[in-house]
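One structure below.
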Amino acid sequence: MKSQKELTEFFLGKRKCFLGLYEINDLMIVLSGFAQLFHGLYSFTQINAPQYRMEYTNKIPFNQEGVVNLIADLYWMFEDFDNRFPLILQATFQQKATRETRKRRKNFENIITSSSNLEFIFNAYQNFRLEHYIHEMNVPKNIKSFDNHAAVFIEKNYLTMMQVKMQFGIVDSELACLMSKSSFKECYFNNGRATYFKKNKTEEFLQEFLKEKSDKVAALEAATILGINVDRVYDFLKDGLLEYSPYLEDDRTLSKKQINQFLSSINAIKINEVRNKITLARCFEKYNTSGLSLPQLISFIRINGLFAYTQEVPYKLCDLFFEPTDLANKLKEHRIFTNGYNLKQVSQELKCSERTVLKYVNAGLLGKPIVEKINNRAFVYRFEIKDIEDFKEAFCSVEEIVKEYNVSESLVRNALYRGVIKNQLSGICRKTLVNKWEFENYQNKGKDQ
């Protein structure tokens, strides 16, 4: 009813246009053309009424019901042309492709192209017709020889499988894996004998894929970026310094971004002079007996505060330099932390001779060391760090008591002489060692009295 009302107003000059058309001649062309296209279809506007199948001759229908439904369907279509015209064409092309059907489609094309104002309808029709044509049948290689318009349309809107591989540098295995993904299925269709890729959707999808692909490298390429042997890359993976970054069905690839972040985390200091520094390779030659490994060296840099230096920016691991003394100290600290103090280190910590340290052990003041066998002829004592710290916390010499508690030496020795506090090394060694807890108790009692 709305369509009839607006059409009447158009004829009476109360409206400037109807169906987006300004001339009555174009309106008559549209009515005549779509009468050919709607033939045999059910009306699109008879939703809540018995369905009406549209039957038209080669001319505009003269019966009232046919005209009313034709105008109503056209009004419905032009209200949302971009979305509804393809629905009508889809219903049209689903009809059995008889000689009569093909003739009516040809009539529609001839009628619509008779006015330049209706070119937008013909272009939309041609695009749909060609897409339908490509979907339904394998496009011959010699299509240019008999349908140049279709050939141009295909070249503009579609890519073949070979073109996709050549244009985007994709190998067969990558394309096969992509085609197995549900997110990629809307980018192509297969008509049974050939596969065509929708150019715009394919290009959009593959931009993200190529970005991801460019970031993925194998272990050998990762070793080149890092400037190390490929075996060291596997050591990094084993120690968790690097992680695999799966790509398609390959779970053994690494990420360039992750590798560059790893190099940046080293925070190498740029310097010009490296005369007193040693290279990365020289580190392993100089400290080969210490068990130094590349992951351990990286740990020293990132956790223990070892400084790395470089003359190159950006740099690889092979471009790094180190201060020998600084590295030696870090190795020493690491050995103490993992294996404990040796006898010499304990004597330095407790400021006494190595023989005195063993006397502490015999007196039960220091925990028994672990005997570490180096070879058939040599061994070394290993002391727990906690045992050394506990000893330093519990015992000290007379001189240290005087200094720490700000008392006179005669007071301490008088207490020892009277037996109020005990010399822990009495009868074992000439050195005097006092228990801090005993001295504090003695001092507190004196204050109370």
Inset, instruction - For the pair Arg282 and Glu285, find out whether any cationic side-chain nitrogen is under 4.0 Å from an anionic carboxylate oxygen. - result: yes
Inset, instruction - Verify whether one side chain among Tyr309 and Glu273 offers a donor that lies under 3.5 Å from an acceptor in the other. - result: no
Legend entry - Approximate separation, where rounding is to 0.5 Å, of Leu350 CG and Thr356 OG1: 10.0 Å
Legend entry - Ionic contact status for Arg15 with Glu6, cut-off 4.0 Å: yes
Legend entry - Contact list for residues 306-325, test salt bridge (charged side-chain N to carboxylate O under 4.0 Å, His left out), sequence neighbours left out: Lys277-Glu323
Legend entry - Under 3.5 Å side-chain donor-acceptor pair for Asn110 and Asn107: no
Legend entry - Salt bridge Asp215-Lys211, side-chain N to carboxylate O under 4.0 Å: no
Legend entry - Cation-aromatic face contact Arg105/Phe93, 6.0 Å, 45 degrees: yes
Inset, instruction - To the nearest 0.5 Å, tell me how far Phe168 CZ sits from Phe205 CZ. - result: 11.5 Å
Legend entry - Thr101-Lys96 side chain donor-acceptor pair, cut-off 3.5 Å: no
Legend entry - Distance in Å, Lys185 NZ paired with Leu178 CG, rounded so as to fall on 0.5 Å steps: 11.0 Å
Legend entry - Inter-residue atom distance Arg302.CZ - Ile266.CD1, 0.5 Å rounding: 7.5 Å
Inset, instruction - Show the numbers, then the answer: is there a side chain to side chain donor-acceptor pair (under 3.5 Å) between Glu440 and Tyr405? - result: CA-CA 9 Å; Glu440 287 175 0; Tyr405 293 94; 2.6 Å; yes
Inset, instruction - Would you kindly say whether Glu212 and Tyr247 are connected by a side-chain donor-acceptor distance under 3.5 Å? - result: no
Inset, instruction - Provide the closest heavy-atom pair for Ala222 versus Ile259 in the form atom of the first, atom of the second, distance. - result: CB-CD1, 3.5 Å
Inset, instruction - Apply the test ring-ring contact (aromatic ring centres under 6.0 Å, His included) to residues Phe391 and Tyr360: give CA-CA distance (whole Å), side-chain angles for both, the deciding distance (0.1 Å), then the verdict. - result: CA-CA 10 Å; Phe391 180 90; Tyr360 291 165; 4.8 Å; yes
Legend entry - Pairing of Lys436 and Glu404 as salt bridge, 4.0 angstrom limit: yes
